[in-house]
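Input: one structure, supplied below.
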Amino acid sequence: MPPTRPDLAPDGSLEREEMEAMQREIGDAAVFDDEFVFDPSTLGDPLATAAGGADPPVIVGVDQSFLRGEDGEFDRALSAVVAMRGGEVIERAHAVTPLEIPYIPGLLAFREGGPILEALEVLPVDPDLALFDGSGRIHFRQAGIATHVGVVRDLPSIGVAKSLLCGTPRESTENLPEGARVPIEADSSVDAPDGDLLGYAVQTRQYDSPDRYINPLYVSPGHRVGPETAADAVLALASSYKLPEPVRLADSYAETAKGEIDH
DNA sequence: GCGACAG
DNA sequence: ATCTTGTCGC
């Protein structure tokens with residue numbers, strides 16, 4: 001399953017201005033509403049298969065680790081994808097590519113998008129939905145890594161970030177109860193009308209004790225998923241840990257695969 | 001000029 | 001992201 005928009009594939013050799021122009025194009029091409037065929041209520045349900053008709057959707061989690069070269073510097077990115085269906089892992093794949101540019105806030109997809117697209121290419125199953133470690137629409141030009149890869153592959157996608165890149169929470173996000181969500185709205189730093197709903201701070205897990213608390217995740221539409229569904233999906237997929245299961249498993253697989261290569 | 005910034 | 005020590009809680 002090749003990319004639908006290879007012309008928008010992230011290219012680390014572009015000038016910064018060209019990268020930003022491409023991101024505006026991606027933000028325009030992106031669909032920030034529900035536009036998928038599967039039933040979102042079956043996402044986190046291990047019994048969905050037994051319950052009835054169609055197979056539950058294939059969900060993939062994507063995450064990266066990094067490899068050092070001879071000089072001890074990071075020179076390669078490893079992207080790991082884990083595919084799940086009905087709560088079970090059905091496939092895994094990974095790819096390694098050279099790092100072309102440093103980490104620059106707002107340009108993450110041009111650093112890590114290459115290995116992600118390769119790993120998705122190698123994955124022997126067609127995903128219905130992808131969850132990324134990073135932003136989607138919560139991005140200066142509404143084109144975070146989840147949106148970028150989603151548009152290039154025309155794949156429904158969701159951004160799951162552990163910290164907020166831009167935008168403004170409508171209210172405090174401190175010490176939210178489990179299951180709570182707080183809207184993240186566009187501000188002057190975002191290329192969108194002020195106040196537009198970019199995504200949600202989502203509290204998947206929380207302590208009972210009052211002294212310490214867990215930070216929320218920042219969930220935003222990547223492509224073909226609305227903000228409500230994005231938050232619903234993350235909550236449904238994060239039953240046991242803070243991170244949604246596909247992303248958590250991709251995280252550990254990225255570490256495992258790194259250890260097997262680096263050696 | 002200053003601040004602020006996914007992974 | 002990666003590194004790394006220390007602490008809390010079941």
Side-chain angles (χ1 to χ4, degrees), chain A residues 10 12 16 19-20 23 26-27 30 61-69 71-81 94 96-117 119 130-150 157-169 173 184 186-191 198-202 205-223 230 234 240-244 247-248 250-259 261-262:
Chain A
R16 182 172 185 140
M19 292 181 179
E20 295 184 353
Q23 288 183 326
I26 287 161
V62 185
D63 193 22
Q64 282 71 243
S65 61
F66 297 87
L67 302 174
R68 295 177 186 281
D71 57 3
E73 298 296 301
F74 295 111
D75 65 345
R76 291 158 290 165
L78 185 158
S79 183
V81 304
H94 70 270
V96 178
T97 68
L99 286 171
E100 296 180 300
I101 60 169
Y103 166 68
I104 301 166
L107 298 179
L108 184 66
F110 291 90
R111 176 173 164 88
E112 302 182 3
I116 293 175
L117 287 165
L131 274 64
F132 292 85
D133 59 313
S135 280
R137 194 185 182 184
I138 298 178
H139 179 276
F140 308 123
R141 292 164 292 281
Q142 306 187 84
I145 193 160
T147 303
H148 199 139
V149 175
S157 63
I158 295 170
V160 182
K162 294 180 286 297
S163 59
L164 189 59
L165 175 62
C166 60
T168 306
T173 59
I184 305 297
D187 56 26
S188 60
S189 75
V190 180
D191 195 348
L198 301 178
Y200 286 100
V202 175
R205 304 284 291 166
Q206 190 53 280
Y207 293 135
D208 295 319
S209 47
D211 26 291
R212 203 163 46 144
Y213 61 89
I214 299 173
N215 294 130
L217 294 171
Y218 297 92
V219 178
S220 55
H223 181 48
V234 167
S240 307
Y241 299 87
K242 172 173 175 172
L243 284 175
V247 175
R248 195 180 70 83
D251 191 283
S252 65
Y253 178 44
E255 286 304 308
T256 305
K258 174 171 70 169
I261 289 172
D262 208 19

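In what follows, chains carry the letters A, B, and so on, assigned in the order in which the sequence lines appear, proteins first and then strands, with residues in each chain numbered from 1. Model, not experiment: these values are computed from the prediction.
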Between P of C:dA1 and CD of A:Glu73, the distance in whole Å
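Rounded to the whole Å, the gap is 18 Å.
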Write down the distance between CD1 (A:Ile104) and P (C:dA1), rounded to a whole number of angstrom.
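In whole Å, C:dA1 P and A:Ile104 CD1 are 18 Å from each other.
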In whole Å, what is the span from the CD atom of A:Glu112 to the C1' atom of C:dT2?
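The distance from CD of A:Glu112 to C1' of C:dT2 comes to 13 Å, rounded to the nearest Å.
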If you look at every strand shown and take non-hydrogen atoms under 4.0 Å, does A:Ser189 touch a base, only sugar-phosphate, or nothing?
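No contact at all - A:Ser189 keeps every heavy atom at 4.0 Å or more from the nucleic acid.
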Check this one for me: any side-chain N or O of A:Lys258 less than 4.0 Å away from OP1 or OP2 of C:dT2?
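Yes, A:Lys258 has a side-chain N/O under 4.0 Å of OP1/OP2 on C:dT2.
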With sugar-phosphate meaning primed atoms plus P, OP1 and OP2, does A:Leu217 contact a base, only sugar-phosphate, or nothing at under 4.0 Å between heavy atoms?
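Result for A:Leu217 = nothing.
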Just to be sure I understand the rule, does A:Ser135 reach a base, reach only the sugar-phosphate, or reach nothing, if contact means heavy atoms closer than 4.0 Å?
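A:Ser135: base contact, heavy atoms under 4.0 Å.
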Determine the contact category for A:Phe66: base if any of its heavy atoms lies under 4.0 Å from a base atom, sugar-phosphate if only primed atoms, P, OP1 or OP2 are that close, otherwise nothing.
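Result for A:Phe66 = sugar-phosphate.
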As an exercise, state the distance from CZ of A:Phe132 to CD1 of A:Ile116, rounded to the nearest 0.5 Å.
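Here the interatomic distance stands at 5.5 Å.
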Can you see whether A:Tyr103 has A:Arg111 sitting over its ring - NZ or CZ less than 6.0 Å from the centre and within 45° of the normal?
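The answer is no; the distance or angle limit is not met.
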Toward the 5' end of DNA chain C, by each residue's nearest nucleotide, A:Arg212 or A:Lys162:
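With A:Lys162 and A:Arg212 compared, the 5'-side residue is A:Lys162.
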Taking the six-membered ring for Trp, does A:Tyr103 stack with B:dG7 (centroid gap under 5.5 Å, planes within less than 30°)?
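So yes, this residue stacks on that base, both cut-offs being met.
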If you define the side chain from C-beta out and look only at heavy atoms, does anything of A:His94 sit under 4.5 Å from A:Tyr253?
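In contact.
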At 4.0 Å (heavy atoms only), tell me whether A:Glu255 reaches a base, stays on the sugar-phosphate, or touches nothing.
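Sugar-phosphate, backbone atoms only, no base.
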Mind checking the NE2-CD spacing from A:His148 to A:Glu112? Nearest 0.5 Å is all I need.
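Between A:His148 NE2 and A:Glu112 CD, I get 13.0 Å after rounding to 0.5 Å.
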To the nearest Å, give me how far apart CD (A:Glu20) and C1' (B:dC5) are.
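Taking atom C1' of B:dC5 as the reference, CD of A:Glu20 is at 13 Å.
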Rounded off to whole Å, could you give me the CZ-to-P distance for the A:Phe74 and B:dG7 pair?
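The answer, rounded to whole Å, is 16 Å.
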Heavy atoms, side chains only, cut-off 4.5 Å: are A:Gln64 and A:Asp133 in contact?
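Yes - at least one pair of side-chain heavy atoms lies under 4.5 Å apart.
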Is the shortest side-chain heavy-atom distance between A:Gln206 and A:Tyr213 below 4.5 Å?
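A side-chain contact under 4.5 Å exists here.
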Starting at CZ of A:Phe140 and ending at P of B:dC5, how long is that distance when rounded to a whole Å?
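So the two atoms are 9 Å apart, to the nearest Å.
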Interatomic distance where CD belongs to A:Gln64 and C1' belongs to B:dA6 [whole Å]:
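Going from A:Gln64 (CD) to B:dA6 (C1'), I get 11 Å.
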Do A:Thr147 and A:Ser157 come within less than 4.5 Å of each other through their side chains, counting heavy atoms only?
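With C-beta onward as the side chain, the pair stays apart.
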How many Å lie between CD1 on A:Ile138 and P on B:dA6, as a whole number?
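After rounding, the reported distance stands at 12 Å.
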Which dot-bracket notation, 5' to 3', represents the base pairing of DNA chain C when pairs are defined as Watson-Crick or G-U with both distances under 3.5 Å, crossing pairs as [ ], and inter-strand pairs as |?
..........
